[in-house]
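Chain A is the first sequence line, chain B the second, and so forth, proteins listed ahead of strands; every chain is numbered from 1. Computed over heavy atoms, backbone and side chain alike; hydrogens, waters and symmetry mates excluded. Keep in mind it's a predicted model, so treat the numbers as computed, not measured.
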Amino acid sequence: MPTLACDEFDLELTLDSGQTFHWQSLGAGFVGTIGDRAVYLEQRGADLKVRGAETSPPARKTRPLAEVVARYFALDHPLAEICASLPDDPAIQTAAAFCRGLRIMRQPRWECLATFITSSMKQVAHIRQMSLALRQCFGRKLGINGAHVYAFPSAVNLARATEKELINCGLGYRAKNLLATARRVAGGEADVEGWAALGDEDLRARLCELPGVGPKVANCVMLFAYERLRAFPIDVWIERVLRQHYFPRRRRLTTAQLRDFAARHFGEHGGYAQQYLFHHARKTRPRRLSPRTR
DNA sequence: CTCCAGGGATGAT
DNA sequence: ATCATCCATGGA
């Protein structure tokens with residue numbers, strides 16, 4: 001199987017860090033899609049084994065799969081330098097050590113935006129379920145390693161859906177927002193590709209105009225699909241971590257103050273800092289003790 | 001500024 | 001089987 005060198009990379013950790021919600025474990029690796037391509041991935045140390053779909057209509061000239069994978073997982077990010085640039089405080093240093101090899105991905109823009117619109121007020125298991133349902137109902141079916149996966153549906157395809165169909169995919173009140181946003185993107189009113197040329201503030205403003213997109217979702221999309229490594233999404237987990245470690249006995253603290261602090265303290269790679277704090281907090285969350293073990 | 005809808009998996013009892 | 005918990009956005 002074709003192999004790609006991947007230093008300072010942990011595939012499983014990266015796929016399990018709340019950036020993407022459709023990869024499934026299969027044998028010793030994972031199957032999923034990158035754009036319209038079905039992919040099987042398996043990591044052995046610094047080797048990343050990569051297999052593309054056995055395409056039935058033989059693919060026309062396309063970019064080499066290794067390039068596509070390397071770009072998707074941002075294997076070009078200088079991880080050692082990024083970690084060295086993070087502030088030297090115990091909270092972030094502990095989290096960064098815990099998350100060695102976790103990279104901030106470069107996901108397809110529409111797929112990332114649509115998925116994070118569905119993510120609001122949902123936990124990872126739900127988001128995975130909705131992603132799968134949307135793919136099965138509206139996406140293209142692809143074969144890989146004897147399994148099958150579904151590409152994420154284009155905005156045009158989702159724009160043709162009815163609200164009821166999206167509700168049947170488990171979206172609840174998010175159906176209306178996703179449908180409205182899909183229609184704006186499909187109609188060219190919202191140019192999610194063209195927006196890549198905008199500065200951070202303008203991009204955030206454009207994203208926040210879309211139905212179902214607030215500051216948190218906008219920051220996730222900026223970070224995971226637009227390479228804006230300063231973007232610092234603040235959800236309840238991160239808010240807890242920030243208050244606990246950086247403002248231990250300050251009671252009155254607005255979200256605006258937290259935002260300003262994060263931007264100043266974590267700087268140009270704030271998104272990496274956020275992802276490390278987030279993943280560490282989730283994976284080391286204090287589990288409630290049952291009465292028996294207490 | 002505050003309050004609240006909303007809903008299904010998850011874990012505790 | 002029942003019950004509490006988790007959660008971002010948007011609108012009142």
Side-chain angles (χ1 to χ4, degrees), chain A residues 16-25 107 110-137 158 162-185 190 192 203-226 228 231-244 250-260 262-263 270-271 274-275 277-294:
Chain A
D16 185 39
S17 64
Q19 300 185 62
T20 189
F21 302 92
H22 74 279
W23 290 87
Q24 299 173 298
S25 82
Q107 297 183 52
W110 161 249
E111 173 180 326
C112 184
L113 169 63
T115 302
F116 276 91
I117 286 174
T118 70
S119 79
S120 89
M121 284 288 281
K122 284 290 183 190
Q123 289 166 290
V124 172
H126 294 131
I127 303 168
R128 292 185 63 91
Q129 232 171 241
M130 291 183 283
S131 171
L132 181 61
L134 289 173
R135 288 165 185 272
Q136 286 178 336
C137 289
L158 282 184
T162 65
E163 189 179 333
K164 195 168 198 65
E165 285 176 308
L166 298 187
I167 286 173
N168 287 339
C169 289
L171 270 69
Y173 66 87
R174 299 158 199 79
K176 192 185 288 291
N177 292 332
L178 181 60
L179 190 55
T181 293
R183 288 183 174 156
R184 287 201 204 175
V185 173
V192 292
L203 173 59
R204 184 178 292 109
R206 291 280 87 74
L207 289 169
C208 285
E209 287 169 2
L210 298 171
V213 180
K216 194 274 182 178
V217 169
N219 278 319
C220 285
V221 177
M222 290 174 68
L223 184 57
F224 304 141
Y226 286 88
R228 306 307 166 103
F232 195 97
I234 298 180
D235 67 348
V236 292
W237 289 90
I238 288 300
E239 183 160 341
R240 236 175 269 152
V241 169
L242 292 183
R243 288 176 183 276
Q244 196 175 321
R250 173 104 171 258
R251 282 193 64 255
R252 290 185 47 76
L253 200 60
T254 65
T255 52
Q257 289 174 300
L258 280 178
R259 262 207 321 268
D260 292 347
Q274 185 274 354
Q275 198 62 14
L277 291 171
F278 175 82
H279 189 74
H280 178 249
R282 293 202 65 116
K283 292 298 169 176
T284 62
R285 120 175 77 157
R287 325 240 45 176
R288 266 253 263 311
L289 293 171
S290 76
R292 225 190 323 292
T293 60
R294 196 151 21 184

Q.
With nearest nucleotide decided by heavy atoms, which residue, Arg252(A) or Gly172(A), maps closer to the 5′ end of DNA chain B?
A. Arg252(A)

Q. Which ones in residues 112-125 of chain A lie close to DNA chain B, meaning a heavy atom under 4.0 Å from one of its atoms?
A. Met121(A), Lys122(A), Gln123(A), Ala125(A)

Return the value, rounded to whole Å, for the distance between atom [atom1] of [X] and atom [atom2] of [N].
| X | N | atom1 | atom2 | answer |
| --- | --- | --- | --- | --- |
| Glu209(A) | dT9(C) | CD | P | 15 Å |
| Ile234(A) | dT9(C) | CD1 | P | 11 Å |
| Arg282(A) | dG11(B) | CZ | P | 11 Å |
| Glu239(A) | dC7(C) | CD | C1' | 12 Å |
| Ile127(A) | dT9(C) | CD1 | C1' | 14 Å |
| Gln257(A) | dC1(B) | CD | C1' | 14 Å |
| Leu207(A) | dT9(C) | CG | C1' | 15 Å |
| Leu253(A) | dC1(B) | CG | P | 12 Å |

(Q) As a test of reading the structure: which of dC7(C), dG8(B), dT9(C) is closest to the side chain of His126(A), going by heavy atoms? (A) dG8(B)

Q. With respect to the side chain of Arg240(A), which nucleotide from dT9(C), dA9(B), dC7(C) is positioned closest?
A. dC7(C)

List in chain and number order the residues that pass salt bridge (Lys or Arg N to Asp or Glu O under 4.0 Å) with [X], two or more places apart in sequence or in another chain; answer none if no residue qualifies.
| X | answer |
| --- | --- |
| Arg184(A) | none |
| Arg183(A) | none |
| Arg135(A) | Glu111(A) |

Q. Would you call the rings of Phe224(A) and Phe116(A) parallel, tilted or perpendicular, where under 30° means parallel and over 60° means perpendicular?
A. tilted

Q: Please list, chain by chain and in numerical order, all residues satisfying ring-ring contact (aromatic ring centres under 6.0 Å, His included) with His126(A), sequence neighbours excluded.
A: none

Q) Side-chain N or O of Trp237(A) less than 4.0 angstrom from OP1 or OP2 on dC6(C)? A) no

Q | Phosphate-side-chain proximity, Gln129(A) and dA9(B), N/O vs OP1/OP2 below 4.0 Å | A | yes

Q) For the residue pair Ala231(A) and Met222(A), what are the closest heavy atoms and their distance? A) CB-CB, 4.0 Å

**Q.** Residues Ile117(A), Leu113(A); criterion side-chain contact (heavy atoms from CB on, under 4.5 Å); working and verdict
**A.** CA-CA 6 Å; Ile117(A) 286 174; Leu113(A) 169 63; 4.1 Å; yes

Q: Please collect all side chain to side chain donor-acceptor pair (under 3.5 Å) contacts where either partner lies in residues 232-242 of chain A, sequence neighbours excluded, each pair once.
A: Glu239(A)-Arg243(A)

Q: Mind checking side chain to side chain donor-acceptor pair (under 3.5 Å) for Asn177(A) and listing every partner two or more places apart, or none if nothing turns up?
A: none

Q.
Going by the rule side chain to side chain donor-acceptor pair (under 3.5 Å), which residues pair with Glu209(A) if we only count those two or more places apart in sequence or in a different chain?
A. Arg206(A)

Q | salt bridge (charged side-chain N to carboxylate O under 4.0 Å, His left out) partners of residues 118-130 of chain A, not counting sequence neighbours, each pair once | A | none

Q: Could you tell me which residues satisfy side chain to side chain contact (heavy atoms under 4.5 Å, CB included) with Arg252(A), sequence neighbours excluded, listed by chain and number?
A: none

Q) When Watson-Crick pairs (N1 to N3 and N6-O4 or O6-N4) and G-U wobble pairs (N1-O2 and O6-N3) count only below 3.5 Å on both distances, what is the dot-bracket string of DNA chain C, with | for other-strand pairs? A) |||||||.||||

Can you tabulate the close N/O pairs, meaning under 3.5 Å, that link protein atoms to atoms of nucleotides 10-12 of chain C?
| unit_1 | atom_1 | unit_2 | atom_2 | d |
| --- | --- | --- | --- | --- |
| dG10(C) | OP1 | Gly212(A) | N | 2.7 |

